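Heads up: the structure comes next, in structure tokens.
What you are looking at is a predicted structure, and each value in this text was computed from that prediction instead of being measured.
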Amino acid sequence: MYKLVVSALALLALPALGEEAIITGNVESKCQINTDVNGVFGNPTAGTLSTLPTDGGVMPIIRYDVALGEAYTARVTAPNSFSTSPTLNDTVVWTSDVEVSEVSDTAMSDYETDKIQYEYTTEFDLHTAGSTWFKVTSKAEYGYGKSFPGGQYRAIVMAECIAN
């Protein structure tokens with residue numbers, strides 16, 4: 001009997017055996033962002049750089065392709081500084097606008113009127129699957145009556161697809 005009790009207690013003292021089952025998965029975004037047109041600054045006056053066609057510029061056009069409506073928000077941030085430029089010793093005043101330029105579905109017609117703007121950022125609720133093209137107007141004015149120095153100027157439009 002003593003051996004039976006000791007054997008039972010020894011079995012209770014053994015650690016429990018177990019196994020873990022790992023579950024993995026990859027999620028592919030149902031929102032893709034493409035640059036259809038890279039922007040170009042026109043230089044209509046010595047102190048102005050602008051992407052407006054009337055100023056000799058080219059507006060960048062960003063395309064969002066969404067496979068699943070109601071799942072994403074487009075966030076487009078226009079430039080408020082140069083990523084590359086000659087040395088500037090005065091202030092640059094930036095103005096910008098992000099607009100819907102084309103849509104693949106008429107259900108997207110409210111994107112422009114329902115957009116939310118703050119600082120240099122504009123957000124659009126992508127409630128319908130399909131493609132939407134956004135054009136960005138960006139204008140930089142240098143100092144008061146100053147001319148931009150010669151050289152290469154580059155600014156970046158940030159386009160993001162935020163999962164809701």
Strictly under 6.0 Å, is that where the ring centroids of W94 and F82 end up? yes
Are the ring centres of F134 and F124 closer than 6.0 Å? yes
Are the side chains of [X] and [Y] in touch, meaning some heavy atoms are under 4.5 Å apart?
{"X": "P53", "Y": "M59", "result": "yes"}
{"X": "S104", "Y": "T132", "result": "no"}
{"X": "Y64", "Y": "V76", "result": "yes"}
{"X": "I33", "Y": "C161", "result": "yes"}
{"X": "S147", "Y": "Y142", "result": "no"}
{"X": "V37", "Y": "P60", "result": "no"}
{"X": "L126", "Y": "T73", "result": "no"}

Can you name the nearest heavy-atom pair linking [X] to [Y], along with the distance?
{"X": "A107", "Y": "H127", "value": "O-CE1, 3.0 Å"}
{"X": "T35", "Y": "N38", "value": "CG2-OD1, 3.4 Å"}
{"X": "T128", "Y": "M108", "value": "O-CE, 3.5 Å"}
{"X": "D105", "Y": "A129", "value": "OD2-O, 4.4 Å"}
{"X": "Y111", "Y": "V100", "value": "CB-CG2, 3.8 Å"}
{"X": "T87", "Y": "P149", "value": "O-CG, 3.9 Å"}

Apply side-chain contact (heavy atoms from CB on, under 4.5 Å) to the pair K115 and E99, showing each step before the final yes or no. CA-CA 9 Å; K115 69 184 179 182; E99 299 176 59; 4.3 Å; yes
Applying salt bridge (charged side-chain N to carboxylate O under 4.0 Å, His left out) as the test, list every pair that has at least one member in residues 119-129; sequence neighbours left out. R75-E123
Keeping [X] on the side-chain end and [Y] on the backbone end, is there a donor-acceptor pair under 3.5 Å?
{"X": "S109", "Y": "T106", "answer": "yes"}
{"X": "S96", "Y": "S138", "answer": "no"}
{"X": "S50", "Y": "D55", "answer": "no"}

If you round to the nearest 0.5 Å, how far is [atom2] of [Y] from [atom1] of [X]?
{"X": "D36", "Y": "I61", "atom1": "CG", "atom2": "CD1", "value": "7.0 Å"}
{"X": "Y153", "Y": "T84", "atom1": "OH", "atom2": "OG1", "value": "11.5 Å"}
{"X": "W133", "Y": "I62", "atom1": "CH2", "atom2": "CD1", "value": "13.5 Å"}
{"X": "R154", "Y": "S81", "atom1": "CZ", "atom2": "OG", "value": "13.5 Å"}

The criterion is salt bridge (charged side-chain N to carboxylate O under 4.0 Å, His left out); which residues satisfy it with D65, sequence neighbours excluded? R63
List for me each residue that meets salt bridge (charged side-chain N to carboxylate O under 4.0 Å, His left out) alongside K139, sequence neighbours excluded, and say none if there are none. none
Among L49, T45, T48, which residue meets the side-chain contact (heavy atoms from CB on, under 4.5 Å) test with E141? T48
Let me check something: do V103 and V136 share a hydrophobic cluster, defined by ILVMFWY side-chain heavy atoms less than 4.5 Å apart, either directly or through other members? yes
Are Y72 and V98 connected into the same hydrophobic cluster when the rule is that any two of I, L, V, M, F, W, Y join if their side-chain heavy atoms are below 4.5 Å apart? yes
Does K146 form a side-chain contact (heavy atoms from CB on, under 4.5 Å) with N89? I'd like the steps, not just the answer. CA-CA 10 Å; K146 288 198 167 189; N89 56 14; 3.8 Å; yes
Side-chain donor-acceptor pair present, Y120, D97, cut-off under 3.5 Å: no
If you count the non-hydrogen atoms of other residues, nucleotides and ligands that lie under 6.0 Å from OH in Y144, is the total more than 12? no
